[in-house]
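Below: one structure, written as structure tokens.
Letters A, B, ... mirror the listed sequences (proteins, then strands); counts begin at 1. Please read all numbers here as calculations on a predicted model, not as lab measurements.
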Protein chains: 2
Amino acid sequence: MVTVGAMALGKDYATQECSIARALEIVGERWTLLVVRDALYGVRRYNDFLVHLGIPRAVLAARLQTLTAEGILEKRRYQQSPPRDEYVITERGIALWPTLRSLGRWGREHFAEEPVRVFRHADCGTELGPYGECPACGTVVPVADVVMEPGPGLSPDPADPVSRALLAPKRLLEPIETGQV
Amino acid sequence: MVTVGAMALGKDYATQECSIARALEIVGERWTLLVVRDALYGVRRYNDFLVHLGIPRAVLAARLQTLTAEGILEKRRYQQSPPRDEYVITERGIALWPTLRSLGRWGREHFAEEPVRVFRHADCGTELGPYGECPACGTVVPVADVVMEPGPGLSPDPADPVSRALLAPKRLLEPIETGQV
DNA sequence: CACTGAAGGTTCGTTCATTGAACCTATGGG
DNA sequence: CCCATAGGTTCAATGAACGAACCTTCAGTG
């Protein structure tokens with residue numbers, strides 16, 4: 001009995017006529033935005049989400065369900081036998097990048113010491129400015145042209161393979177290589 | 001027995017080295033971002049949050065506690081007898097505006113028919129662009145210079161006094177007048 | 001003086017969601 | 001045949017949210 005669609009939260013934000021509230025009904029549940037973040041970082045497989053997030057399996061399954069139903073992720077078979085699916089972020093999910101980027105920036109500026117991840121414009125290597133723009137080029141950088149690399153605040157030897165894969169600079173959206181194919 | 005400070009969520013996002021996760025530990029709980037949104041809209045009083053959000057009283061009290069402890073709201077006495085406090089948004093809370101604006105934009109673009117609220121640059125009346133900038137002036141508009149007005153998707157005759165007060169155009173941060181002083 | 005009402009809460013029983021451990025199903029490899 | 005991997009489901013225990021009721025302080029009114 002999995003609830004999908006309109007009722008993302010047990011009780012929705014009923015009285016709210018507000019697109020922020022609408023958005024939060026869909027991505028406001030616990031873990032959901034972290035799943036989307038990982039999907040932007042290139043995580044696609046159930047087990048990779050699992051080990052990277054440390055999320056309970058049942059909750060992950062529910063979130064992937066909801067995100068797929070809302071068109072934020074797309075479930076796609078990547079091998080036939082045994083049948084295996086991966087979850088790939090859609091345009092609608094990619095459109096959450098400005099929100100996640102600014103939320104992360106807020107967290108870093110107000111509650112973290114050092115940056116954990118640094119985002120650069122792939123074309124010129126310049127670090128992104130406060131609004132997701134490239135200060136050198138003067139344009140807002142599309143997600144696919146963002147390179148993510150570890151910052152000084154990141155621990156050098158993480159336990160899970162996904163975190164290890166994210167130690168190397170990589171473009172957003174590009175699938176991660178956990179090296180266990 | 002109210003928990004404050006470091007443990008905003010029952011179990012925090014423990015394994016996450018990520019400023020997005022840090023941010024979500026603080027503002028990721030149910031209702032929290034809607035309280036911040038209301039504070040940006042100029043809501044300051046317990047009862048105004050209560051009727052506008054339709055939030056359970058105990059939950060509102062807990063969220064105001066946490067947000068105050070994290071320096072996002074500031075509790076301030078506005079009359080002595082009987083003692084009455086209001087919750088005013090701080091710089092740290094105002095810094096969440098880009099996140100909330102982009103989240104609201106995402107919600108509207110993907111899940112709403114018509115805009116519920118429209119944001120304009122107070123100086124020139126131009127509607128804000130996708131990144132919170134004024135397309136006419138070419139600058140990012142500070143929160144205090146944003147005027148909010150109802151859009152076509154807003155119901156014309158809301159029940160609660162806060163929603164009624166928000167029917168008129170007003171600047172963000174400016175305290176709302178519920179007309180019941 | 002007694003009453004009423006507003007503001008800003010607290011308390012409490014019920015319901016709902018999250019958690020973590022255990023289990024299940026295909027399949028492929030040694 | 002046995003084990004490992006990927007991707008789940010099930011279940012009991014815990015914790016958070018809900019909503020109704022209650023509480024306190026004071027101002028205003030008759």
Side-chain angles (χ1 to χ4, degrees), chain A residues 1-4 7-15 24-25 28-32 34-35 43-68 73 75-87 160-162 178-181, chain B residues 1-4 7-15 24-25 28-35 43-68 73 75-88 160-162 178-181:
Chain A
M1 203 167 323
V2 182
T3 58
V4 286
M7 199 191 61
L9 288 165
K11 293 282 186 117
D12 57 7
Y13 295 118
T15 68
L24 287 173
E25 282 180 20
E29 287 177 303
R30 188 151 157 71
W31 295 109
T32 302
L34 293 182
V35 172
V43 177
R44 295 184 168 188
R45 320 248 272 240
Y46 182 92
N47 259 285
D48 289 341
F49 286 110
L50 199 67
V51 299
H52 191 227
L53 292 172
I55 182 178
R57 306 177 77 92
V59 176
L60 176 59
R63 295 299 182 271
L64 292 173
Q65 258 265 163
T66 304
L67 286 169
T68 303
L73 300 180
K75 191 171 183 170
R76 160 191 308 176
R77 181 136 307 178
Y78 69 90
Q79 76 179 26
Q80 289 300 334
S81 166
R84 291 286 180 266
D85 297 316
E86 60 184 5
Y87 295 89
D160 70 283
V162 177
T178 49
Q180 45 191 13
V181 172
Chain B
M1 209 166 321
V2 182
T3 58
V4 285
M7 201 191 61
L9 289 164
K11 293 284 186 119
D12 56 8
Y13 295 117
T15 68
L24 287 173
E25 282 180 20
E29 287 177 304
R30 188 152 157 70
W31 294 110
T32 302
L33 278 176
L34 293 182
V35 172
V43 176
R44 296 185 168 189
R45 319 251 271 241
Y46 182 93
N47 259 288
D48 288 341
F49 286 109
L50 199 69
V51 299
H52 190 227
L53 293 172
I55 183 178
R57 307 178 76 92
V59 177
L60 176 58
R63 295 297 181 272
L64 292 174
Q65 259 265 163
T66 303
L67 286 169
T68 303
L73 300 180
K75 190 170 184 170
R76 161 190 306 176
R77 182 136 306 178
Y78 70 88
Q79 74 178 26
Q80 288 300 335
S81 165
R84 291 284 181 266
D85 297 315
E86 59 185 5
Y87 296 89
V88 184
D160 70 284
V162 177
T178 48
Q180 45 193 11
V181 172

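- Taking 4.0 angstrom as the limit, A:Y13 places none of its side-chain polar atoms (N or O) nearer than this to OP1 or OP2 of D:dC18.
- Taking 4.0 angstrom as the limit, A:R57 places none of its side-chain polar atoms (N or O) nearer than this to OP1 or OP2 of C:dC23.
- Pairing each heavy atom of A:L50 with each of A:I55, the nearest pair is CD1-O, 3.5 Å.
- DNA chain C is contacted by both A:I55 and B:D85; B:D85 maps to the nucleotide lying nearer its 5′ end (nearest heavy atom per residue).
- Phosphate proximity of C:dA17 to A:W31: absent, as no side-chain N or O sits under 4.0 Å from OP1 or OP2.
- Remark: the backbone N or O of A:G28 is not paired with any side-chain donor or acceptor of A:T32 at under 3.5 angstrom.
- Counting non-hydrogen atoms under 4.0 angstrom, B:Y78 reaches the backbone sugars and phosphates but no base.
- Residue whose closest nucleotide on DNA chain C sits further toward the 5' end, between B:R84 and A:R63: B:R84.
- Every side-chain contact (heavy atoms from CB on, under 4.5 Å) that A:R76 has, sequence neighbours left out, goes to A:R44, A:E74, A:E86, A:V88.
- Within 4.0 Å (heavy atoms only), A:V59 reaches at least one base atom of the nucleic acid.
- With a 6.0 Å cutoff to the six-membered ring centre and a 45° limit on the axis angle, B:R84 does not count as a cation-pi contact of B:Y46.
- With sequence neighbours excluded, the residues that form a side-chain contact (heavy atoms from CB on, under 4.5 Å) with B:D85 are B:K75, B:R77.
- Residue B:K75 places no side-chain N or O under 4.0 Å from the OP1 or OP2 atom of C:dG8.
- For B:Y46 and C:dT10, the shortest distance from a side-chain N or O to OP1 or OP2 is not below 4.0 Å.
- Put simply, A:R45 has no side-chain N or O that comes within less than 4.0 Å of OP1 or OP2 on D:dT5.
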Can you give me the N/O atom pairs linking the protein to nucleotides 27-30 of chain D at distances under 3.5 Å, or say none if there are none?
unit_1, atom_1, unit_2, atom_2, d
D:dA27, OP1, B:S81, OG, 2.7

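- B:Y87 comes within 4.0 angstrom of sugar-phosphate atoms only, judged by non-hydrogen atoms across all strands, and of no base.
- Side-chain contact check for A:Y87 versus A:V35: every heavy-atom pair is 4.5 Å or farther apart.
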